[in-house]
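The structure appears below as structure tokens.
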Amino acid sequence: MKPYDHKKIEKKWQQYWARHKIYTTPDTAPGKDNFYLLVEFPYPSGNLHVGHWYAFAVPDILARKMRMEGKNVLYPIGFDAFGLPAENAAIKHGLNPRTWTEKNMTYMTKQIQSMGASFDWSRKVSTIDPAYYKWTQWLFLQLYKKGLAYQKETAVNWCPKDKTVLANEQVVNGRCERCDSEIVQKQMLQWNVKITDYANCLIDDLDTLDWPEQIKESQRNWIGRSEGAEIDFKIARSEESVTVFTTRADTLFGCTYLVLAPEHPFVIAALKKDGPFAGITNADEVGKYVASADKKTELERQESREKTGIELKGVKAINPANGEAIPVWVADYVIGSYGTGAIMAVPAHDERDFEFAKKFDLPIRHVIAPRVVDERNPHRPGKDVVFRKTILGIVRDPATNKFLCLRWKKHPWTTFVVGGVEEGESWVEAARREIHEETGYTNLKLVRSLGGPIYTEFFAAHKDVNRIALGTSVLFELDANTTREEVRADETAAHEVVWLDPLELTWDRMTHAELDIVLSRIHSAGSAYTGDGILADSGEFTGSTAEEARRSLTQRYGRSKTTYRLRDWIVSRQRYWGVPIPIIHCASCGTIPVAEKDLPVRLPAVRDYLPDGSGRSPLAKAKTFVNVKCPKCKGKAQRETDTLDTFVDSSWYFLRYADPKNKTRFADTKKLANWMPVDLYSGGAEHTTMHLLYSRFWHKALYDLKLVRESEPYTHRMNRSIILGPDGQKMSKSRGNVIDPDEVVRTLGADTVRMYLAFIGPYNEVSSYPWNPDGVVGVRRFLERVWRAQEYVGAKNVPELEVPLNKTIKKVGEDIAAMKFNTAIAQLMMFLNDIEEYKAVEKKQWAAFLKLLAPFSPHMAEELWSLSGKKKSIHLEGWPEYDEAKTRDATITIAVQINGKTRGEARVAAGASGEAMEAAAKQSVAQRLDGKEIVRTVAVPGRLVNFVVKG
RNA sequence: GCCGGGGUGGCGGAAUUGGUAGACGCGCACGACUCAAAAUCGUGUAUCGCAAGGUGUGAGGGUUCGAGUCCCUCUCCCGGCACCA
């Protein structure tokens, strides 16, 4: 037997497959269903890394298996060749980006081909090909004509190092996603596309997709839908009003001031003594504040959360619910770009407003009472419901840190001082009165009211009524002025005064839930209650639930409104290496799209493509490119010089694969119908809220333009894991832990690398796996054992292998379909172990085994196939079938348990009856059962027998 | 803080969806071959214990004849969002 020479074998078969074009995929194949397996196309960065292998060589296993099963599988590849990384590298090496990129593509194509993946290279696309970007431009113009692409001057993210604008999605924690520079905000005129028009269906349609929950949830978070209301606040002495967005319309009666973002148009106007707030008396100070807020970078805003702000003096707004005139503030905790850029502040029920109100001493009004139901004493049906305002008088002795309590003589409980609030009495007055009446203490020092009322429902047995108590607690302390007077005899008869630690309270007249709230309020300096509950002090709405009130108050004082965190996608980039935006600016005719016949607008070769930081693309310096005739008036006009974000290129590349050479359309409708939607899209988790979201939006826009037939591009999506260095850290040159796949392929072979990566862990779960050099060698060892097993082939009769083989065919098929390549390989290893054990395998059994191996190690399988005398490629063979009956052993081992603990084993026939199993089981644990009474026997066919015994 | 995912040997990971926990591989130990080493092959390898026998799937509780799997409480790790009203 010749030794296993992977170099020779892999080269030989890669050439053979290319020569015979066995992976060229027809648009349709008679009698075969189409299956579209997509992987994210790579940047031509110059070198293939292990991640590329993991991304391309492992899904290839599925592609190959499905082909053998009789599917017409499209597994295409291309290059996402425009963009910053390529351009920056080109600048660094002093080359033209095109030369550099094309050289990389040539080199990487060879590298990818060394994987032995079944890509259909005849469908290769490259985004820098004018025949491709012609259609990128065309599609952009379709969006433009539909009003989905527009130019707007807004505050944008500017990367000072890359000297270009970035989309929100490309800014991570205030830094550039690519170069990690701190992003600054700039006011610039930019091309946007209206992804926000699709925010709703981008969220809703997630429900229709068979995607991992994690990806869906990330997209939902990113889009950030929030349902609430817009409410108009009239401005005093003005006809105009400020519109706020809130999700808590139920707290409207608790709104004690308004806050506008520093960027709010009314604020900007007020600084110029204009607009509804023209009457402010402190414009200078407000101006200073706005300027300082403006200067803050995104990072500074995130780092310092200290509340700052300034009141607009001399103006008031009117709370529409209670008609109260309330102050108006400007603060940068309100963001101009979200909602309406203005909020109604409800400090009692919003943590940020609370913090702000504390700092600037603004009033806090409680309007939502937490609802507590006494579960031991619930309302009884048929009894009257009596509503009562109650007060809880809490007195702390600072010397001992104990609390004044009453121990009741007739009841087994201890309580704080509790009583009703009388007509016209304030909470504090009521509390003082009750404490005085019941304990004699007077002249107590008021500490504070404890954060608004609590709504408690219970059955008051002593009064035989269902009680609803709206209880407010007030905290006092003993101090030098405090005196104690005589208490009435009936009070002393009812209870005695004790000083207790709150933990010692045994309070049966109140729930623990309520007590918890009160205690936490005693111990914290106060906080906002942001939960739901029952409305208090809210006029006619008092008593309704927060949920009802959100609806009714919205209806009365505002209107329902849904807002999104998602911003429109800024697609213009001030860089050279991208698709020119096909627009002409004419001084008299305005913005004119380039006519279809003039597409593509070619990216000109220029000498100087370095960005100069002026905020204009290097293309602006290419005079012959810029200066054109206006298509409309034939006057002087200029081309748009910004280029498109590369995420535009990649938003439709999967459509081009269906018809990559079409000259008259981005892809033929019929050919699109053959392949779309993508059946399975495998890619990296880093694209979840970028490429994956952009391309869903783009596709939906094309769907509305009737250019594609489905509203979602990808039926099934899976995120791939990450391969780490051998040290368990992310591979990086500086750490010196980078594995060069070319080198491993040289020493161990492509088949080994493919199979190792498939074996490293389940492919359909997101995780990270360290590259284990010993593990790769282990896989190589397996392949060499396969190679040596040739010597056993040709045995005449090996029935012992029949069940293992059928099991293996079943398991490998199922596991590949589920993307659990690791367990499929484990099963192949087990079968090889069996062959080695018997030192024999029939030709037919060997052939089936090779077919199972073919998707994983296509070269070796092909070589062994050909060595066994076959002429046709193994990859054109059918997937082996199994006989269900032969996947089960004739005799099986069952577990024997006593009281659920495994105590022995028994051998029984596969189809053994319960009685037969029991009998065999009983025998195997006879000693342990001796003298014990079997109370119950559980027999699970094919699994186990469990004896439940006593004694 | 909110939302999503997860925690199993020394390591990567298995476990037919409630039925013998640790498949398969790596590593390690011992043995065979060898002057020796490598390669290869064989045996063993959750843990405590000489053994009988215990104990074990992040922690604690519950349901069940039986729990890695279901329920409750907590904890830690990963990911998304976060001054978003």
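So that the names make sense, note that chain A is the first sequence line, chain B the second, and so on, each numbered from 1.
Within 4.0 Å (heavy atoms only), A:F759 reaches at least one base atom of the nucleic acid. As judged by a 4.0 angstrom heavy-atom cut-off over every strand, A:E355 is placed among residues making no nucleic acid contact. Using a 4.0 Å heavy-atom cutoff across all strands shown, A:V948 reaches sugar-phosphate atoms only and no base atom. Note on A:G778: only backbone sugar-phosphate atoms sit closer than 4.0 angstrom, heavy atoms only; bases stay farther off. Among the protein residues, A:T688 comes within range of no part of the nucleic acid, since none of its heavy atoms lies under 4.0 Å from any strand. Within the nucleic acid shown, A:P212 has no heavy atom closer than 4.0 Å to any nucleic acid atom. At a threshold of 4.0 angstrom between heavy atoms, the contacts of A:R781 are confined to the sugar-phosphate backbone, with no base atom among them. Using a 4.0 Å heavy-atom cutoff across all strands shown, A:N833 reaches sugar-phosphate atoms only and no base atom.
With a cut-off of 3.5 Å on both Watson-Crick or G-U wobble distances, the partner of B:rG66 is given as none. Across all strands shown, B:rG60 forms a Watson-Crick or G-U wobble pair with B:rC72, both key distances being under 3.5 Å. B:rU43: Watson-Crick or G-U partner is B:rA29, with both key distances under 3.5 Å. Remark: B:rA21 base-pairs with no nucleotide; criterion is Watson-Crick or G-U wobble with both hydrogen-bond distances under 3.5 Å. Base pairing of B:rC81: its partner is B:rG1, meeting the Watson-Crick or G-U wobble criterion (both donor-acceptor distances under 3.5 Å).
Across the protein-nucleic acid pair, A:F821 atom CZ and B:rG25 atom C1' stand 18 Å apart, rounded to whole Å. Put simply, CD on A:E784 is 14 Å from C1' on B:rC41, counting in whole angstrom units. A:F947 places its CZ atom 12 Å from the C1' atom of B:rC65, with the value rounded to the nearest Å. Note: NZ (A:K839) to P (B:rC41) measures 10 Å, nearest angstrom. Between the OH atom of A:Y257 and the C1' atom of B:rA85 there is a distance of 11 Å, given to the nearest Å. If you take CD of A:E765 and P of B:rG7, they are 9 Å apart, rounded to a whole angstrom. One can place CD of A:E836 at 12 Å from C1' of B:rG42, the figure rounded to the nearest angstrom. A:K216 places its NZ atom 12 Å from the C1' atom of B:rG4, with the value rounded to the nearest Å.
For B:rG12, the OP1/OP2 oxygens have no side-chain nitrogen or oxygen of A:S768 closer than 4.0 Å. A close approach under 4.0 Å does occur between a side-chain nitrogen or oxygen of A:R936 and OP1 or OP2 of B:rC65. Contact annotation: A:Y333 side-chain N/O to B:rA85 OP1/OP2 distance is not under 4.0 Å. A sub-4.0 Å separation between OP1 or OP2 of B:rC81 and a side-chain N or O of A:S218 is absent. Here A:R780 does not reach the OP1 or OP2 of B:rG25: none of its side-chain N or O atoms lies under 4.0 Å away. Considering only side-chain N and O atoms, A:K811 lies nowhere under 4.0 angstrom from the phosphate OP1 or OP2 of B:rA23. For B:rG53, one of the phosphate oxygens OP1 or OP2 lies less than 4.0 angstrom from a side-chain nitrogen or oxygen of A:R928. Within the structure, a side-chain polar atom (N or O) of A:R788 is placed less than 4.0 Å from OP1 or OP2 of B:rC41. Between A:T530 and B:rA85 there is no side-chain polar atom (N or O) within less than 4.0 angstrom of OP1 or OP2. Look at A:R903 and you won't find any side-chain N or O under 4.0 angstrom from OP1 or OP2 of B:rU20. Taking only side-chain nitrogens and oxygens, A:N822 never comes nearer than 4.0 Å to OP1 or OP2 of B:rA23.
Checking side-chain atoms of A:D532 against main-chain N and O of A:A546 turns up no donor-acceptor pair under 3.5 Å.
A salt bridge between A:R559 and A:D232 is present, with a side-chain N of the basic residue lying under 4.0 Å from a carboxylate O of the acidic one. The residues A:E547 and A:R550 are annotated as not salt-bridged, no charged nitrogen and carboxylate oxygen being separated by less than 4.0 angstrom. Salt bridge A:K839/A:E791: absent, no basic N to carboxylate O contact under 4.0 Å. Remark: A:D774 does not engage A:R781 in a salt bridge, criterion side-chain N to carboxylate O under 4.0 Å. A salt bridge is defined here as a Lys NZ or Arg NE, NH1 or NH2 lying under 4.0 Å from an Asp or Glu carboxylate O, and A:R717 with A:E40 meets this definition. Using a cutoff of 4.0 Å between basic side-chain nitrogens and carboxylate oxygens, A:D250 and A:R551 are not scored as salt-bridged.
Taking every side-chain heavy atom of A:R565 into account, B:rC81 is the closest of B:rC81, B:rU20, B:rC3. When each of B:rC83, B:rG27, B:rU20 is scored by its nearest atom to the side-chain atoms of A:Q897, the top-ranked nucleotide is B:rU20. Side chain of A:M830, nearest nucleotide from B:rA85, B:rG19, B:rA23: B:rA23. Across B:rC26, B:rC83, B:rG79, the shortest atom-to-atom separation from the side chain of A:D332 is found for B:rC83. Of all nucleotides listed (B:rA85, B:rG19, B:rC24), B:rG19 comes nearest to the side chain of A:L944.
For B:rC24 and B:rG31, the C1' atoms lie 24 Å apart once the distance is rounded to whole Å. Rounded to the nearest Å, the gap between the C1' atom of B:rA51 and that of B:rG60 is 33 Å. The same atom, P, is picked in B:rG58 and in B:rG68; the two are 10 Å apart, to the nearest Å. Comparing B:rA21 with B:rU55, their P atoms sit 13 Å apart, to the nearest whole Å. Using C1' as the reference atom, B:rC26 and B:rC71 are 38 Å apart when rounded to the nearest Å. Atom P of B:rG61 sits at a distance of 26 Å from the matching atom of B:rC11, rounded to the whole Å. Comparing the same atom, P, in B:rG5 and in B:rG12 gives a spacing of 22 Å after rounding to whole Å. Only the C1' atoms considered, B:rU57 is 11 Å distant from B:rA15, to the nearest whole Å.
Taking both residues in full, the closest heavy atoms of A:F947 and A:E918 are given as CZ-O, 3.9 Å, listed atom of the first, atom of the second, then distance.
Ranked by how close their nearest RNA chain B nucleotide is to the 5' end, A:M344 and A:V940 are led by A:V940. Both A:Q827 and A:N899 sit near RNA chain B, but only A:Q827 has its closest nucleotide nearer the 5' end.
Exactly one of A:I195, A:N168, A:T154 qualifies for a side-chain contact (heavy atoms from CB on, under 4.5 Å) with A:R567. That residue is A:N168.
Glycosidic conformation of B:rG10 is anti; the angle lies outside 90° of 0.
For A:D774 and B:rC26, a side-chain-to-base donor-acceptor distance below 3.5 Å is absent, hydrogens and geometry of angles not being considered.
Figure legend: A:K307 and A:F356 shown without cation-pi pairing, the cationic atom not lying both under 6.0 angstrom from the six-membered ring centre and within 45 degrees of its axis.
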